[in-house]
Amino acid sequence: MLEVFPETAAVEDGELTIGGLGARRLAAEFGTPLLVYDERTMLEAARAYRAAAPNAFIAYGVKAFPNVSVLRLLAGEGLGADVATLGELTIALRAEIPGERLIVHGNNKSVEELDAAARAGAWLVVIDAPDEIELAAAAGVERVLVRTTPGVEADTHPAIRTAHHGSKFGLPPVQTLEAIGRARDVGLEVAGLHVHIGSQLLDDSAAIETVEWLAGFAERCRRELDWAPGVVDLGGGLGIQYVPGRVPPSIAEFVETIVGNLGSQWDSVDLPRPQLVLEPGRSIVGRAGVTLYEVGAVKEVMGSTKYVAVDGGMSDNPRPQLYQAQYTGLLANRATEPPNGNYVVCGKHCESGDVMIRDLPLPEPRRGDLLAVPSTGAYTLTMASNYNLVPRPAAVLVGDGEARLIRRRETIEDLLDLEH
Ligand code: LLP
């Protein structure tokens, strides 16, 4: 079970510890629900990307968990940032990521966003729609990638699949060729191509298919446009393990396969090897994060279903509702007690769909226990809502036996401040 927890997770005297700190102490000091991020897990993930592809540019996919401290930590490992909105661009700048390490995305960038990207001196702006070419040039953007959709159907949830034909992202092949030509005509430097296949990929088959397709497409670009991509950005996508069972490839395996394939495919079409860019989000921060909840009401209904309710739910983690995502968990203060049955972990929100885990074996939970839900570092807090006017949780970074608040807990006052 601890394999889905962060690197430093351990059980000491029956209590879950992360970064050398006991769950009870963390909950007492910072309150619950609390997102606990393990520094070492994030650093190791960042280093694994750098080691597997030393010549690639690795841009952290900020959307997975936009946070100044995390961005600074990753920047210290040589990572840049992939941002998709003005908000994400602004937080990357707040973390002092230099413009030349920024990649700006978005399938519907506003003029304000393009202006901000140009002002920041972003290394690359990724063209996602035909009329964005003129808007980008007018904003003073210098260098672009064109995002293309090869028609690859990644084996993942349909909502997070992005490179299929009919996707709202990027341009189909023929429109991509037109966009490259037009962008060059208006004076933009077209540095290369971008494909993001999809997210939570549990094998490398879609990535291999995409690289093969891209090599053929690069060859076609050279023939038809006398232009070839100097940069190939394959986006993010490597998945993480949420529950015991199917294990995704390691970062090293996944990235080394991509690097090897890119080299051989490009050699086979006789083009100079491009610079590889990767934009991992989930595989950097996902496993590093554990959510601590406090157990409240426990009840058995109809003599069979045992509910254990926690002090958060679909507001701090909507992934079970959005993607039927599965999670596991343990009682952090009674981690070695044997289970006495299977429980349905539900949240405190006013709908029956607010269920986080369906069948979780636990020792009989009691009010005040702590439930730790691992693999919650990516796409949880960033997608959190204030449903039922529940303030969003705090986040702490743990390492070397210390915890540092990296995002304060929202208050009801914060929410009421928006009223007019
Ligand atoms: N680059 C681009 C252009 C992207 O659209 C994404 C994610 C990434 C990089 C990072 O992908 P990752 O390495 O994290 O898979 N909310 C969903 C995930 C949405 C992913 C959106 N794009 C979830 O909770 O599963």
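Start at 1 and go down the list; that is how both ligands and their atoms are numbered.
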Can you list, pair by pair, the side-chain donor-acceptor contacts under 3.5 Å of residues 224-240, counting residues two or more places apart and other chains?
{"from": "Glu224", "atom 1": "OE2", "to": "Arg220", "atom 2": "NE", "distance (Å)": "3.0"}
{"from": "Trp227", "atom 1": "NE1", "to": "Val190", "atom 2": "O", "distance (Å)": "3.0"}
{"from": "Asp233", "atom 1": "OD1", "to": "Gly235", "atom 2": "N", "distance (Å)": "2.8"}

Can you list, pair by pair, the side-chain donor-acceptor contacts under 3.5 Å of residues 69-82, counting residues two or more places apart and other chains?
{"from": "Arg72", "atom 1": "NH2", "to": "Arg94", "atom 2": "O", "distance (Å)": "3.3"}
{"from": "Glu77", "atom 1": "OE1", "to": "Arg47", "atom 2": "NE", "distance (Å)": "2.8"}
{"from": "Glu77", "atom 1": "OE2", "to": "Arg47", "atom 2": "NH2", "distance (Å)": "3.1"}

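Here Thr291 pairs with Thr376 under the side chain to side chain donor-acceptor pair (under 3.5 Å) rule; sequence neighbours left out.
At a 4.0 Å heavy-atom cut-off, the residues surrounding ligand 1 are Lys63, Asp82, His105, Arg147, Ile160, His194, His196, Ser199, Gly236, Gly237, Glu279, Pro280, Gly281, Arg282, Arg319, Tyr323, Tyr379, Met383, listed by chain and number.
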- Please walk me through it: do Arg282 and Ser199 pass side-chain contact (heavy atoms from CB on, under 4.5 Å)? CA-CA 8 Å; Arg282 189 188 321 257; Ser199 199; 2.7 Å; yes
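Under the 6.0 Å cut-off for aromatic ring centres, Tyr379 and Phe65 do not qualify, their centroids lying 6.0 Å or more apart.
Aromatic ring pairs are classed by plane angle as parallel below 30°, tilted from 30° to 60° and perpendicular above 60°; the pair His105 and His194 is perpendicular.
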